Amino acid sequence: MAQSRSVIINPLDNDSFHDECGVFGVFGHKDAAALTALGLHALQHRGQEAAGMVTYDGRHFHSRRGLGHVADNFSSESAISQLAGDYAIGHNRYSTAGDTVERNIQPLFADFEFGGFAIGHNGNLTNAVTLRRQLVKRGSLFQSTTDTEVIVHLIATSNYVTVVDRFIDALKQVEGAYSLVAMTQDSLIGVRDPLGVRPLVLGRLDEAYILASETCALDIIGADFVRDVEAGEMVVISGDGILSLHPFPRLPRRSCIFEFVYFARPDSVMDGRSVYETRKRIGVELARESHVDADMVIPVPDSGVPGAIGYAHEAGIPFELGIIRNHYVGRTFIEPSDQIRHLGVKLKHNANRAHVEGKRVILVDDSIVRGTTSVKIVEMMRFAGAREVHMRIASPPTTNPCYYGVDTPQRSELMAAKMDLEAMRKEIGVDTLAFLSMDGLYRATGEPGRNAECPQHCDACFSGEYPIALTDQEGGAHAAQLSFLTEVAGKR
Ligand code: AMP
């Protein structure tokens with residue numbers, strides 16, 4: 001029911017506001033599809049609801065898109081062999097609030113007067129609803145309910161001649177966060193929004209060029225890391241090599257700090273920094289800021305592991321696996337209903353009872369969103385006989401939703417937006433609770449602290465300072481969307 005309503009009724013489909021995605025592209029390799037499948041595998045953590053790929057063989061475009069994991073769609077030889085060509089782009093999609101339907105799976109593909117064009121997007125456009133309304137009024141017929149399709153229509157209606165100029169013209173009209181991979185008949189194009197909120201890297205494999213959300217996707221195919229695509233840069237890769245364009249006014253980069261906290265894979269290097277090392281340093285900062293005596297430091301697996309290593313090392317307290325994770329269960333956060341989410345947590349984690357009984361434990365997790373995980377984990381520790389349970393969170397309190405491409409629930413569902421520290425401590429049921437300070441987080445990313453005048457990252461989820469206009473929210477489109485969401489939620 002919810003699915004048909006979200007598809008039929010409303011052009012402001014909630015999917016367009018909850019994208020956490022991974023993108024990948026190859027230019028000039030005979031195994032482009034197979035390499036893209038591998039790259040998407042490495043980026044699976046960025047999106048687990050659907051995967052898609054478009055290739056070009058010099059005459060025809062080929063595409064395959066499906067719900068589910070990369071392995072569900074691209075593991076067979078026949079799937080790969082149907083995707084002929086030397087260029088490919090691929091996309092992993094993740095949306096939690098809305099129903100994922102096939103027509104929303106990326107890459108999107110369009111036939112323009114200049115030829116075929118495919119696009120994959122990681123991020124979220126904050127004026128997509130507003131633009132979409134204008135485009136629909138002017139006669140655009142949308143095929144999907146993604147924000148990304150707005151870019152396709154802006155390209156179609158642009159008065160510029162070349163595809164690159166039309167693409168730039170389109171991007172100058174959109175607001176929000178985007179790392180894009182696009183493909184035309186003779187080029188692979190990568191773009192990062194003017195603040196570089198979402199990541200995008202350039203790599204090289206023999207003569208081929210690669211674009212990927214994270215460096216772990218270069219590693220899996222043995223490609224060399226060349227460099228980050230810069231904030232506000234468009235790279236156009238063709239038979240003539242790489243053209244680097246800076247079509248937007250230059251702004252200081254403000255990459256998403258939450259990528260370092262949770263979202264990116266620890267073996268990736270972002271903004272020149274190892275994500276794993278950064279997370280360990282976060283643990284070090286946390287131990288310095290909020291030391292407590294205990295017998296062991298226990299990570300909430302897997303996301304709390306690097307932080308707990310850093311914490312244990314700095315505090316001189318043994319690091320122990322006091323919680324064992326069942327790896328055959330997906331991320332709890334993905335489950336749509338509260339009921340399933342509760343069930344998921346129990347399925348996913350189990351206390352290492354023999355080890356924690358009678359002990360004073362420090363639990364380290366990367367973040368608290370709704371607080372569901374923390375409540376359950378602490379309950380589990382108490383049930384297993386832990387004498388004292390302390391919780392240390394490797395980020396500041398998440399008090400605000402992200403509108404730039406990381407899925408977070410609305411503000412009213414964020415535990416830290418509803419309660420102060422003491423109320424959270426009680427609700428979670430721990431002896432002590434502490435979060436990392438904002439400056440501590442910035443220090444862990446190699447900065448002296450947060451520059452209040454011009455923060456070096458986007459930290460809106462922690463600070464509430466949104467560096468890119470939230471036009472749809474401010475213009476009332478969000479209110480319309482929210483009432484629609486409530487309606488859908490009520491049907492579940
Ligand atoms: P919660 O139970 O809602 O407090 O979820 C907190 C846990 O979810 C954190 O420990 C993270 O590991 C994970 N998490 C945080 N943010 C996200 C996100 N945007 N998507 C998926 N998982 C997340």
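Note that ligands are numbered from 1 as they come in the structure, with each ligand's atoms numbered from 1 the same way. Worth saying up front: this structure is predicted, and the values here are computed from it rather than measured.
Checked against a 3.5 angstrom limit, the closest N/O atoms of Gly371 and ligand 1 fall inside it. Checked by distance only, ligand 1 and Tyr262 come closer than 3.5 Å through their nitrogen or oxygen atoms. Of the polar atoms of Thr373, at least one N or O is found under 3.5 Å from an N or O of ligand 1, judged by distance alone.
When heavy-atom distances to ligand 1 are checked against a 4.0 Å cut-off, Val406 comes that close only through its side chain, counted from C-beta outward. Using a 4.0 Å cut-off between heavy atoms, Ser303 contacts ligand 1 through its side chain alone, with no backbone atom that close. By the criterion of a heavy-atom distance under 4.0 Å, the side chain of Asp366, and not its backbone, is placed next to ligand 1.
Residues forming a side chain to side chain contact (heavy atoms under 4.5 Å, CB included) with Arg279 (at least two apart in sequence, or on another chain): Ala264, Pro266, Val275, Pro306. With sequence neighbours excluded, the residues forming a salt bridge (charged side-chain N to carboxylate O under 4.0 Å, His left out) with Arg253 are Asp271, listed by chain and number.
Closest heavy-atom approach to atom 18 (C) of ligand 1 within the set Thr408, Ile393, Asp407, Ile428: this belongs to Asp407.
Ion pair Arg450/Asp459 flagged as a salt bridge, since at least one NZ, NE, NH1 or NH2 atom sits closer than 4.0 Å to an Asp/Glu carboxylate oxygen. Between Glu422 and Arg425, at least one side-chain N (NZ, or NE/NH1/NH2) sits under 4.0 Å from a carboxylate O, which counts as a salt bridge. In summary, Arg227 and Glu233 engage in a salt bridge, as defined by a charged side-chain N under 4.0 Å from a carboxylate O. At a threshold of 4.0 Å, the pair Glu465-Arg254 does not count as salt-bridged, since none of the basic side-chain nitrogens sits closer than that to a carboxylate oxygen.
Looking only at atom types and distance, the side chain of Arg64 has no donor-acceptor partner in the side chain of Asn73 under 3.5 Å away.
Within ligand 1, counting atoms from 1 as listed, the ones closer than 4.0 Å to a heavy atom of Thr372 are 1 (P), 2 (O), 4 (O). Counting the atoms of ligand 1 from 1 in the order shown, those under 4.0 Å from a heavy atom of Ser367 are 6 (C), 9 (C), 10 (O), 11 (C), 15 (C).
Using a 4.0 angstrom heavy-atom cutoff, Phe258 counts as in contact with ligand 1. For the pair Ser374 and ligand 1, no heavy-atom separation below 4.0 Å is found. Within the structure, ligand 1 has Asp365 among the residues with a heavy atom less than 4.0 angstrom away.
Paired with Glu314 under the rule salt bridge (Lys or Arg N to Asp or Glu O under 4.0 Å), one option of Arg288, Lys280, Arg281 passes, and it is Arg288.
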